Each structure stands twice: as structure tokens, then as C-alpha cells.
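Below: the structure, in C-alpha cells.
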Amino acid sequence: GAGVSQSPSNKVTEKGKDVELRCDPISGHTALYWYRQSLGQGLEFLIYFQGNSAPDKSGLPSDRFSAERTGESVSTLTIQRTQQEDSAVYLCASSPWSDGGGYTFGSGTRLTVV
Amino acid sequence: AQSVTQLGSHVSVSEGALVLLRCNYSSSVPPYLFWYVQYPNQGLQLLLKYTSAATLVKGINGFEAEFKKSETSFHLTKPSAHMSDAAEYFCAVSDRGGSNYKLTFGKGTLLTVNP
């Protein structure tokens, strides 16, 4: 596609429920990143995928968070047993390999845990 | 570890005035530096990036930034502000390990443009 597509754009969930967020990167972009944006913490790195290499999961805040990517296509970020502090905007970005960090971001998924 | 400090969480200018948004970084290795802009309810858009070529970097929408190693700064400027420039601006530094260009962002500066 022309841009990075994220779905849903908004998600309201009850505390304790699991949620799954989806990211469709730009075709041909081998690198994919997830970030979280919240009022208190700003923009935080969560996880990085590059082709078939092992992902960099160093930013995941707890073991309730996990992410998968199939090859160089869609990625899903799953949050289990959601907590109120998980409320944030989750941003996905992609870039060509070795592009020096100039990503294209999606519009994000706004997650609200009630 | 790398870090970014953006001086001023909120900057207000008049339309037509100079825009100056300040960014200082710390890095143990030569950095890659970026400015992103975020409009309400949208994702981040890359304005410009410094990757060790020319120290004065020109970006989209008339913005430019100058890398000053001695001052560890990468301030963003625009000679004449437009109403459409009102947005939040983020400075970021790349924590490059191999091909992993994960970014460390500053807290952001909200730019208001007054008519």
C-alpha cells in the first residue's frame, strides 16, 4: 500500500481483556517498529523486526506484551490481561533496510483500557 | 545510552516570525538525528534527518536543522512561520546497532502559530 496501515484506529477494552493490534507496513519495507506514545512517558520503543532475523524485544514493558511478524508483511502486537496503564497510542513504523532511521509511521491505534 | 532534550515544551510564535525549536542530544557514538512532526490525531511524519553528511540539513515544508557537534545540538528552524506549521515536533536520535535504527525521542515541543 501507499502508507503504513494500522487497525483498529481506536480500541476500548475492559481491564483484564486481551487485545490485538495490527500493522500493515509499506510493501518492500523490511524493517518494522512498534512504539508507544503516552502522556506520561512520551514515545517509547517497543519492538523491532528485520526480515527473518530475531526481533529486538528490549522495549516490551512486560511479558503481557508480545508481537509477531510474518516474513516482511503484517505484524500484530498483542497485549494480554490489559491494565489501565496500557492506555496509549500504539504506533507502527516501517522503513527500507538500512535507511538510517527515517521511518514512515502509521496513524496509530488509540487504546483505552476502562 | 542515548538521550534527547527538547528545550521548551511549548513555543508560541506569530505568523511570519522565525521558528526555532531546540534539541540537544547525548550519544557515545556519532549519532543519526531526526526531526518528526505530528499533527493532531495523526502519526509522525519525518521532517528531516542528519546521517553524517552535510551538517546543515534541509527538510520538507521549509524547515532546516544544523548539526553542531561541539554543542551537541540539532536545532530546527524555519524563517517564516505559517499557520499550517502548528503541530507537535519531536527530535530523535538513532540508537544504531547493526541495522536496527530504533529511535530515542525527546518529549516534544508544541508549536502554536498566532495570526
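Below, all heavy atoms of this structure are taken into account, side chains as well, without hydrogens, waters or symmetry copies. All figures in this text were calculated on a predicted structure; none of them were measured in a lab.
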Of A:Gln41, A:Gln6, A:Gln37, A:Glu44, the largest count of non-hydrogen pairs under 4.5 angstrom with chain B goes to A:Gln37
Nearest atoms (heavy-atom pairs only) where B:Leu46 meets A:Tyr103: CB-O, 4.2 Å
Transitive ILVMFWY side-chain link B:Val113 to B:Val11, under 4.5 Å: yes
Could you see if A:Tyr48 belongs to whatever hydrophobic cluster contains A:Leu60? Use Ile, Leu, Val, Met, Phe, Trp, Tyr and a side-chain cutoff under 4.5 Å. no
Tabulate, in ascending numerical order, the residues of residues 66-92 of chain A having at least one heavy atom closer than 4.5 Å to a heavy atom of chain B, or enter 'none'. A:Leu91
Are there more than 12 heavy atoms of other residues, nucleotides or ligands under 6.0 Å from atom CD1 of B:Ile60? yes
Grouping I, L, V, M, F, W and Y whenever their side-chain heavy atoms are under 4.5 Å apart, do B:Met83 and B:Leu20 come out in a common cluster? no
Between A:Ser58 and chain B, which part of the residue has a heavy atom less than 4.5 Å away: side chain, backbone, both or neither? side chain
Treating A:Tyr35 as the side-chain partner and B:Leu103 as the backbone partner, does any N or O pair qualify as donor plus acceptor under 3.5 Å? yes
Does A:Glu20 have any salt bridge (charged side-chain N to carboxylate O under 4.0 Å, His left out) partners at least two apart in sequence or in another chain, and if so, which? none
Sorted by chain and residue number, the side chain to side chain contact (heavy atoms under 4.5 Å, CB included) partners of A:Asn10 (sequence neighbours excluded) come out as A:Arg110
Does A:Val4 share a hydrophobic cluster with A:Leu111, counting links as ILVMFWY side-chain heavy atoms below 4.5 Å and allowing steps through other members? no
Separation of B:Lys102 NZ from A:Phe45 CZ (nearest 0.5 Å): 4.5 Å
Would you kindly confirm whether B:Val4 and B:Val37 end up in one hydrophobic cluster when ILVMFWY residues are joined by side chain heavy atoms under 4.5 Å apart? yes
Which residues in residues 38-45 of chain B have a heavy atom less than 4.5 Å from any heavy atom of chain A? B:Gln38, B:Asn41, B:Gln42, B:Gly43, B:Leu44
